A.B. asks: 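Have a look at this one before I ask anything.
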Amino acid sequence: MHSDTARALAQVVKQYAADDIRVTVNQGYLLRFVKPEDLPAIYEALHALGLADPGFDTTADITTCPGTDTCNLAISSSYGITRALEQMMHEEFPDLVFNDDIKIKISGCMNGCGQHSVANIGYHGSSLKNGAYVLPALQVLLGGGFNCKGEGLIADKVIKIPAKRGPDSLRYLLRDFEANAFDGEYYSDYYARQGKNYFYQLLKPLADLKTLIDSDYIDWDHTEQYVTEVGIGECASVLIDLVATTLTEASEKLSWAREALVESRWSDALYHTYNVFITGARAALMSRDIPTNTQHGIVSDFDKTFVGSPDFHQEEGEFKALVFSINKQEPSEDFARRFLAQGEAFLQAVQAYREIQIEQEGLPELQALTQAQDS
Ligand code: SF4
């Protein structure tokens with residue numbers, strides 16, 4: 001979605017949906033608070049933005065990860081093959097725009113961010129060698145999702161085919177299901193009834209590398225010859241410094257507290273400062289590999305772990321008394337200013353502590369990341 005459309009959508013959500021939008025696991029947007037009488041108006045507004053096409057969450061609405069468009073771990077163009085499959089279904093199987101019996105999901109590599117292994121029909125990006133040449137490929141997975149008893153199933157890897165034959169593979173599968181499934185039979189039950197080898201045989205002609213043509217060596221949405229290059233992934237196999245991320249979160253909360261103070265919102269300033277203490281303490285505990293599950297646990301563990309440390313408090317219970325003083329005092333201006341100053345000093349102390357720790361002990365996970373990148 002382009003940013004202009006996203007901004008326009010935000011206005012529609014503000015006007016008709018209580019300014020509340022959720023992103024769903026099947027890559028939809030959920031507007032939860034629309035008045036029934038506003039439905040025609042919101043439909044018109046979404047239609048004007050090109051966001052009211054029918055078919056959400058149907059067979060023709062494929063869930064896909066970004067693939068090679070933006071993910072460096074990807075080895076194939078998930079968006080490209082998704083567009084090709086959706087177009088093919090709109091043209092050749094128009095009923096599927098109104099049918100959600102079969103779910104199709106696609107990932108650009110085996111990490112599965114596009115959820116291919118829990119789909120009725122799944123594809124994940126891969127590559128195939130043909131002599132000295134490499135071509136983009138799709139691993140076809142079948143039989144995942146739910147069966148008629150509501151049991152969840154993990155799909156089987158059935159066969160690997162050249163990526164350009166993806167639309168043919170889906171054609172074969174859909175026609176076969178139309179022709180041979182019982183009335184009302186779930187796809188996962190149909191797969192279980194026929195068995196893996198049946199589908200392997202069905203798709204086998206598409207895996208024949210003797211019939212390759214030049215365009216099979218070029219991935220969907222690409223014009224150049226395919227090469228495999230793998231880097232750091234967008235949403236899998238990513239190494240980050242979680243302590244640094246948590247400290248950034250604490251700094252953000254501190255800036256909210258300062259803003260609230262400037263606007264004389266004393267309760268908000270106190271609440272955000274309280275979160276600075278909790279988030280900062282969580283970062284410090286994480287740096288020592290101490291689990292941080294509840295806010296009370298974080299405060300008690302920080303109290304015990306860092307007692308006597310020159311950077312923090314000297315006596316056990318001191319930190320707890322400071323943080324929970326929020327429950328004991330009126331949300332006055334004076335208290336909000338004092339509490340915020342203490343929160344600022346605390347966060348600075350945690351940041352300084354972390355810098356010294358990295359200097360002295362290094363950062364094993366980032367070192368590992370650097371080594372992985374070098375290799
Ligand atoms: S790591 Fe995730 S987002 Fe990246 S290609 Fe693999 S499945 Fe897709």
Side-chain angles (χ1 to χ4, degrees), residues 1-3 6 22-29 57 59-87 89 102-129 134-145 152-167 169-170 173 216-242 245 365-366 368-375:
M1 185 187 290
H2 288 270
S3 55
R22 310 288 165 104
V23 180
T24 65
V25 72
N26 47 0
Q27 299 181 332
Y29 291 122
D57 206 26
T59 305
D61 181 23
I62 297 174
T63 304
T64 181
C65 81
T68 41
D69 277 42
T70 54
C71 175
N72 292 329
L73 255 190
I75 35 185
S76 73
S77 167
S78 329
Y79 282 172
I81 179 64
T82 295
R83 274 190 280 269
L85 296 184
E86 287 187 347
Q87 188 185 340
M89 284 190 280
I102 299 175
K103 300 282 190 223
I104 305 174
K105 296 174 188 265
I106 300 179
S107 301
C109 76
M110 74 292 283
N111 281 307
C113 309
Q115 312 161 37
H116 62 267
S117 54
V118 291
N120 303 124
I121 299 176
Y123 294 92
H124 83 63
S126 188
S127 60
L128 276 168
K129 268 197 160 176
V134 184
L135 61 145
L138 292 168
Q139 175 74 57
V140 184
L141 293 96
L142 298 172
L153 303 162
I154 297 291
D156 284 338
K157 284 184 190 169
V158 174
I159 196 166
K160 204 192 269 191
I161 55 168
K164 282 288 171 71
R165 297 178 184 172
S169 71
L170 187 58
L173 292 168
D216 286 322
Y217 293 93
I218 298 168
D219 205 355
W220 291 100
D221 275 1
H222 287 252
T223 48
E224 73 290 356
Q225 179 100 8
Y226 176 76
V227 280
T228 44
E229 284 172 324
V230 178
I232 309 296
E234 177 154 324
C235 51
S237 303
V238 180
L239 291 169
I240 57 165
D241 177 3
L242 207 51
T245 309
E365 60 270 37
L366 289 190
L369 172 63
T370 313
Q371 279 162 11
Q373 280 171 327
D374 289 349
S375 68

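Worth saying up front: this structure is predicted, and the values here are computed from it rather than measured. Both ligands and their constituent atoms are indexed starting at 1 by order of listing.
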A.B. asks: Under 4.0 Å from a heavy atom of S107: give me the atoms of ligand 1 that qualify, with their elements.
C.D. replies: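 Those qualifying, in numeric order: 7 (S).
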A.B. asks: Are any N, O or S atoms from C65 nearer to atom 8 (Fe) of ligand 1 than 2.8 Å?
C.D. replies: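 Given the 2.8 Å cut-off, C65 counts as a ligand of atom 8 (Fe) of ligand 1.
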A.B. asks: Crowded around K160 NZ? As in, over 12 foreign heavy atoms under 6.0 Å?
C.D. replies: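 More than 12 heavy atoms, drawn from other residues, nucleotides or ligands, come within 6.0 Å of this atom.
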A.B. asks: From H116 NE2 over to I104 CD1, what is the distance, rounded to the nearest 0.5 angstrom?
C.D. replies: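 Separation between the atoms: 14.5 Å.
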A.B. asks: Assess, by modelled atom type and distance only, whether the side chains of S169 and Y123 contain a donor and an acceptor separated by less than 3.5 Å.
C.D. replies: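 Result is yes, a qualifying pair exists.
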A.B. asks: State whether the side chain of T59 and the backbone N or O of I102 hold a donor-acceptor pair below 3.5 Å, judged by distance alone.
C.D. replies: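 Yes, the answer is positive, given that a donor and an acceptor are paired below the 3.5 Å cut-off.
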A.B. asks: Need the ligand 1 atom indices (1-based, order shown) with element for anything under 4.0 Å from a heavy-atom of C71.
C.D. replies: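 Checking each atom against C71, I get 1 (S), 3 (S), 4 (Fe), 5 (S).
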A.B. asks: Enumerate the atoms of ligand 1 whose separation from the nearest heavy atom of A74 is less than 4.0 angstrom.
C.D. replies: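 Counting from 1, the qualifying ligand atoms are 5 (S).
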A.B. asks: Does C113 bring an N, O or S atom to under 2.8 Å of atom 2 (Fe) of ligand 1?
C.D. replies: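 Yes, since at least one N, O or S atom of C113 sits under 2.8 Å from atom 2 (Fe) of ligand 1.
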A.B. asks: For the backbone of V25 and the side chain of Q115, can you confirm whether one donor and one acceptor N or O come within less than 3.5 Å of each other?
C.D. replies: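 A pair under 3.5 Å: yes.
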A.B. asks: Looking at G112, which atoms of ligand 1 are within less than 4.0 Å of one of its heavy atoms?
C.D. replies: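 This gives 7 (S) as the contact atoms.
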